[in-house]
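See below for the structure under consideration.
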2 protein chains.
Amino acid sequence: MTAKRTTTDDELAFLASYDATRFPRPSVAVDVVLLTVRDGAIWALLGRRDDHPHRGRWALPGSFLRIEESLDAAAARVLRTKAGLRGVFTEQLYTFGSPGRDPRTRVIAVAYYALIEPASLERAVASRTDGLILARLDVSWPGETGGPVAALDSSGIHLPLAFDHAEILGMAVKRIRGKLDYAPIGFELLPAAFPLRDLRLVHEAILGRALNKDSFRRRILDRGLVVPTGERAAGVGHRPPELYRFSDRSAT
Amino acid sequence: MTAKRTTTDDELAFLASYDATRFPRPSVAVDVVLLTVRDGAIWALLGRRDDHPHRGRWALPGSFLRIEESLDAAAARVLRTKAGLRGVFTEQLYTFGSPGRDPRTRVIAVAYYALIEPASLERAVASRTDGLILARLDVSWPGETGGPVAALDSSGIHLPLAFDHAEILGMAVKRIRGKLDYAPIGFELLPAAFPLRDLRLVHEAILGRALNKDSFRRRILDRGLVVPTGERAAGVGHRPPELYRFSDRSAT
DNA sequence: GTAATAGTGTCTTTAAGACACTATGTA
DNA sequence: TACATAGTGTCTTAAAGACACTATTAC
């Protein structure tokens with residue numbers, strides 16, 4: 001972090017006289033794209049806006065940044081207070097700051113994305129009565145092209161999104177598509193023990209295309225990122241697959 | 001961007017009564033890591049701080065965000081006013097917001113990185129009298145590990161950096177290392193026409209390791225990202241190499 | 001001529017795709 | 001038993017590394 005240094009009397013005097021209100025300052029908010037993967041699609045947590053602006057539209061969970069709180073802490077607080085979740089994998093995504101993105105006042109939104117396995121997220125949504133939904137994302141662009149992403153309700157109807165949240169969703173999808181190959185993010189979307197098939201289905205849903213079964217297995221096993229648990233899934237209607245777990249080796 | 005929608009009288013009344021000053025707001029600054037590659041190393045533009053805090057230490061060029069200015073526009077303004085540069089490749093990097101990172105007040109720094117070829121940057125530094133220097137970066141970590149990065153003056157002495165700017169430099173190096181393989185960022189660091197050797201030296205400097213000469217040539221040419229200009233470099237003391245230029249094909 | 005790097009051709013190695021085949025559970 | 005998916009083995013293909021060899025300029 002900041003290197004050790006001495007504070008001089010001169011500097012102390014400067015700091016005492018510093019007036020932070022001399023310039024108009026924007027508000028800073030933190031928005032969280034909480035994602036999961038299920039049924040071959042990416043899903044995101046959205047909340048219905050009860051207040052202006054964009055009342056009735058759907059928005060990412062978010063909050064204004066508190067004055068003595070780090071950005072990461074604000075993202076964790078949003079997940080805790082809006083979804084009742086703790087210890088979820090979270091990473092900063094991008095900062096959105098177009099002057100017109102919020103009609104109230106100038107708001108800089110520091111966006112985060114978070115990944116969680118579907119069972120926990122469904123439980124969180126079910127335990128809430130404040131209009132949270134899990135929306136299926138409709139990614140219309142291929143590869144890592146990027147662009148806004150639409151959200152669909154359970155009937156496949158497009159949900160009207162608030163602010164620039166379609167852009168933020170698009171950035172989150174683009175990010176996890178890009179990171180999937182070299183970062184262990186698929187594991188965040190699965191329970192502790194999982195068959196390799198489920199890991200492949202998660203990758204396919206994120207990438208939006210089918211993957212070769214054999215080379216996927218080989219690639220994952222060769223990298224040593226997963227280790228067999230010795231257990232097998234039961235009651236699957238066919239040969240039960242071996243269950244694996246994420247191996248936290250520091251290998252690349 | 002934001003979807004088309006109608007504004008109701010109800011909402012207009014809400015907006016008229018909205019008081020943006022109800023909550024304390026942090027300041028928002030934009031800092032730019034302007035990078036180039038020369039002599040097998042990465043270099044960054046730094047300025048000596050004339051004022052408190054961190055007077056005498058070295059800092060990234062930056063500015064507080066103006067209230068009606070986009071983040072991208074602020075980054076472009078910083079490059080224009082602090083280095084006299086326009087049209088430089090610039091991309092958002094990461095947002096730094098630890099509560100203690102600036103002793104004056106809470107400052108959220110939206111960091112950008114920019115890439116330029118060394119001749120233009122040297123010209124910009126030489127034409128300034130306000131204490132700008134080109135500092136060589138000392139990247140001590142391998143691969144995409146990440147972490148703070150030190151800056152050295154022309155004698156190889158460590159320059160004391162202001163705020164958390166060693167962290168920001170580290171994030172910029174990590175980012176360009178990661179993007180080098182799939183994004184055409186090497187070209188931003190070279191003149192319009194260049195021999196393949198220079199492109200390889202740029203890649204090697206960024207990655208911090210030697211690359212196989214033959215497969216580098218094959219890889220670059222096979223991707224069709226460069227096209228021969230038909231000209232050759234002269235006066236190089238050996239067989240003159242063909243000069244290539246970046247081909248702006250939309251191919252992946 | 002020598003020195004130095006450009007550039008080509010070929011062999012080997014490695015990772016990924018294709019695909020056949022065997023294994024083992026449920027119904 | 002049939003069925004469905006798990007898992008193995010092998011062939012092919014594509015990309016990268018290794019390396020030998022030729023090409024062309026400055027000196």
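Letters A, B, ... mirror the listed sequences (proteins, then strands); counts begin at 1.
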Pairs under 3.5 angstrom, nitrogen or oxygen only, protein versus nucleotides 25-27 of chain D, please.
residue, atom, partner, partner atom, Å
D:dT25, O2, B:Arg239, N, 3.3

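- Position along DNA chain C of the nearest nucleotide to B:Leu243 versus A:Phe216 favours B:Leu243 as the more 5'-ward residue.
- When each of A:Val149, A:Leu169, A:Leu115 is checked for a side chain to side chain contact (heavy atoms under 4.5 Å, CB included) with A:Val33, only A:Leu169 meets the rule.
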Please report, to 0.1 Å, the donor-acceptor pairs under 3.5 Å made by any side chain of residues 231-243 of chain A, with sequence neighbours excluded.
residue, atom, partner, partner atom, Å
A:Arg232, NH1, A:Pro240, O, 2.6
A:His238, NE2, A:Val236, O, 3.4
A:Glu242, OE2, A:Gly230, N, 2.9

Residues 177-190 of chain A side chain polar contacts: donor-acceptor under 3.5 Å, at least two apart:
residue, atom, partner, partner atom, Å
A:Arg177, NE, A:Ile206, O, 2.8
A:Arg177, NH1, A:Trp141, O, 3.2
A:Arg177, NH1, A:Gly143, O, 2.7
A:Lys179, NZ, A:Glu91, OE1, 2.9
A:Lys179, NZ, A:Glu91, OE2, 3.3

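- Taken to the nearest 0.5 Å, the CD atom of B:Gln92 stands 4.5 Å off from the OH atom of B:Tyr112.
- Remark: A:Glu204 engages A:Arg200 in a side chain to side chain donor-acceptor pair (under 3.5 Å) (not counting sequence neighbours).
- Look at CD on A:Glu242: it is 13 Å from P on C:dT24, rounded to the nearest Å.
- Evaluated for a side chain to side chain contact (heavy atoms under 4.5 Å, CB included) with A:Leu34, the options A:Leu121, A:Leu60, A:Thr90 yield exactly one hit, A:Leu121.
- Among residues two or more places apart in sequence or in another chain, the salt bridge (Lys or Arg N to Asp or Glu O under 4.0 Å) test is passed with A:Arg197 by none.
- Judged purely by atom type and a 3.5 angstrom limit, B:Arg245 has no side-chain atom pairing as donor or acceptor with the backbone of B:Pro228.
- Spacing between atom CG of B:Leu211 and atom P of D:dA18 amounts to 11 Å, rounded to whole angstrom units.
- Scanning residues 178-206 of chain B for heavy-atom distances under 4.0 Å to DNA chain C yields B:Arg197.
- Applying the salt bridge (Lys or Arg N to Asp or Glu O under 4.0 Å) test to B:Asp39 and every residue at least two apart in sequence or in another chain returns nothing.
- For the atom pair CG (A:Asp138) and CG (A:Leu152), the distance works out to 5.0 Å, reported to the nearest 0.5 Å.
- Within the 4.0 Å cut-off from OP1 or OP2 of C:dG17, at least one side-chain nitrogen or oxygen of A:Ser215 is found.
- B:Arg38 is linked by a salt bridge (Lys or Arg N to Asp or Glu O under 4.0 Å) to B:Glu122, counting only residues two or more places apart in sequence or in another chain.
- Note on the helix from C:dG1-D:dC27 to C:dA27-D:dT1: angle between the axes of the first and last five pairs equals 10°, rounded to 10 degrees.
- Put simply, CG on B:Asp222 is 14 Å from C1' on D:dG17, counting in whole angstrom units.
- Among residues two or more places apart in sequence or in another chain, the side chain to side chain donor-acceptor pair (under 3.5 Å) test is passed with A:Thr95 by B:Thr95.
- Taking every side-chain heavy atom of A:Arg219 into account, C:dA16 is the closest of D:dG17, C:dG7, C:dA16.
- Counting to the nearest Å, the P atom of D:dA14 and the CZ atom of B:Arg223 are 17 Å from each other.
- A search for ring pair (Phe, Tyr, Trp, His ring centres under 6.0 Å) contacts involving A:Tyr94 returns A:Phe96, not counting sequence neighbours.
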Polar-atom pairs under 3.5 Å, protein N or O versus N or O of nucleotides 8-10 of chain C: list them with distances, or write none.
residue, atom, partner, partner atom, Å
C:dT8, O4, B:Asp214, OD1, 3.2

